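The structure under discussion appears below in the form of structure tokens.
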Amino acid sequence: MKMNPWNLSVLLLLAGPLGADPDWHVEHPDSFCVVEGSTATIPCSFTHPTGLRVKRVVWCPNHTICHLTTPNVYDSSNLRADSRFLYLGDLVSDCTLKIIKTVKRDAATYHFRFETNGRGWAGQKGVIVTVTEEKSGWRLTVSVVSVLLAVFLLLAGLVFAKRRHAQKTASEVIQKQEVERKQEAVGTSEEVSYSIIHLKPSSSRSAPGPEHEIVYSEVVG
Ligand SMILES: *[C@@H]1O[C@H](CO)[C@@H](O)[C@H](O)[C@H]1NC(C)=O
């Protein structure tokens, strides 16, 4: 069969970069960001030519081939009971990986590999898992809280100052009124003390007639 150049280029395009095989494929996000201490569920799926049976699945950090004795975080043929890396997938098409209570050292590029009764295949790109510090999240929360607190204190301060001013004004008015009242009272007593006292000369002392009355006045301060 003769193949023209155009058909050939279409075939090459379909094959994709690095001659990726459409029959052998691993699909997952390029990167995954998780906050330290929380759980990451990385969705993943894989395909292989029909007629093959998957015998083993493995997830490896920082290794593109992930074969044989390459250190791994999950190995279906060598399960670890206390692992924080749980395989939520199966041996058919799902390779979802769950990492519980992530720690900083989990940060790596994870590759999925599956082996069949024929050949094996590993995802070439891998998923870059980034673990962000829990503190940074807290620092954001803390700064928001502190801003809110500052605004609250400012408003509280303004209200307090206003109330304080109002109280001061009120007490000044009261004081003024009191002073006025006192002054009034003093004024009254002064009026009283200005009363004229008529003193009659003692009768023993011989004297001037009633027409010569002496007028005393006394000022009581
Ligand atoms: C993977 O590689 C990155 C970058 O070199 C490194 O920081 C990280 O510690 C490695 N992780 C593992 C689990 O090997």
Side-chain angles (χ1 to χ4, degrees), residues 9 11-149:
S9 63
L11 271 180
L12 284 174
L13 263 176
L14 285 172
L18 304 169
D21 196 323
D23 280 340
W24 298 88
H25 189 68
V26 175
E27 186 72 46
H28 52 56
D30 289 345
S31 60
F32 203 95
C33 191
V34 60
V35 176
E36 191 180 6
S38 68
T39 297
T41 302
I42 302 160
C44 176
S45 64
F46 65 98
T47 57
H48 58 76
T50 51
L52 294 175
R53 268 171 50 84
V54 177
K55 297 280 193 187
R56 183 190 176 214
V57 291
V58 193
W59 274 96
C60 298
N62 293 348
H63 199 283
T64 50
I65 302 167
C66 189
H67 65 309
L68 299 172
T69 55
T70 304
N72 58 61
V73 290
Y74 176 83
D75 184 348
S76 63
S77 64
N78 182 24
L79 295 177
R80 279 156 287 186
D82 61 339
S83 180
R84 290 181 300 103
F85 293 81
L86 306 173
Y87 188 69
L88 301 185
D90 49 36
L91 298 178
V92 180
S93 63
D94 189 350
C95 45
T96 300
L97 180 71
K98 186 176 183 178
I99 313 172
I100 56 167
K101 289 178 185 164
T102 50
V103 292
K104 263 183 167 178
R105 65 172 187 278
D106 292 340
T109 302
Y110 291 91
H111 292 264
F112 173 70
R113 180 181 178 84
F114 61 97
E115 278 157 18
T116 70
N117 52 350
R119 57 178 277 199
W121 183 263
Q124 295 304 292
K125 269 193 292 182
V127 51
I128 302 161
V129 174
T130 317
V131 182
T132 58
E133 251 182 84
E134 193 183 13
K135 278 177 199 158
S136 68
W138 270 107
R139 221 172 286 148
L140 180 62
T141 314
V142 164
S143 67
V144 166
V145 166
S146 56
V147 164
L148 286 175
L149 197 67

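Just so it is clear, the structure is predicted and the values come from calculations on it, not from any experiment. Heavy atoms only: backbone and side chains are in, while hydrogens, waters and symmetry mates are out. Both counts, for ligands and for their atoms, begin at 1 and track the order of listing.
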Salt bridge (charged side-chain N to carboxylate O under 4.0 Å, His left out) against R56, all qualifying residues, sequence neighbours excluded: D75, E115

R119 atom CZ, neighbour heavy-atom count above 12 within 6.0 Å: yes

Donor-acceptor contact present, side-chain W59 to main-chain C95, <3.5 Å: yes

Nearest-0.5 Å distance, CG of residue N62 to NE2 of residue H111: 7.5 Å

Under a 3.5 Å threshold, I'd like every N/O contact between ligand 1 and protein atoms, with atom names and distance.
unit_1, atom_1, unit_2, atom_2, d
ligand 1, 2 (O), N62, OD1, 3.3
ligand 1, 2 (O), N62, ND2, 2.3
ligand 1, 11 (N), N62, ND2, 3.0
ligand 1, 11 (N), A107, O, 3.4
ligand 1, 14 (O), N62, ND2, 3.1

Set of salt bridge (charged side-chain N to carboxylate O under 4.0 Å, His left out) partners for K125, sequence neighbours left out: D30

Counterpart residues, salt bridge (charged side-chain N to carboxylate O under 4.0 Å, His left out), relative to K104 (two or more places apart): E133

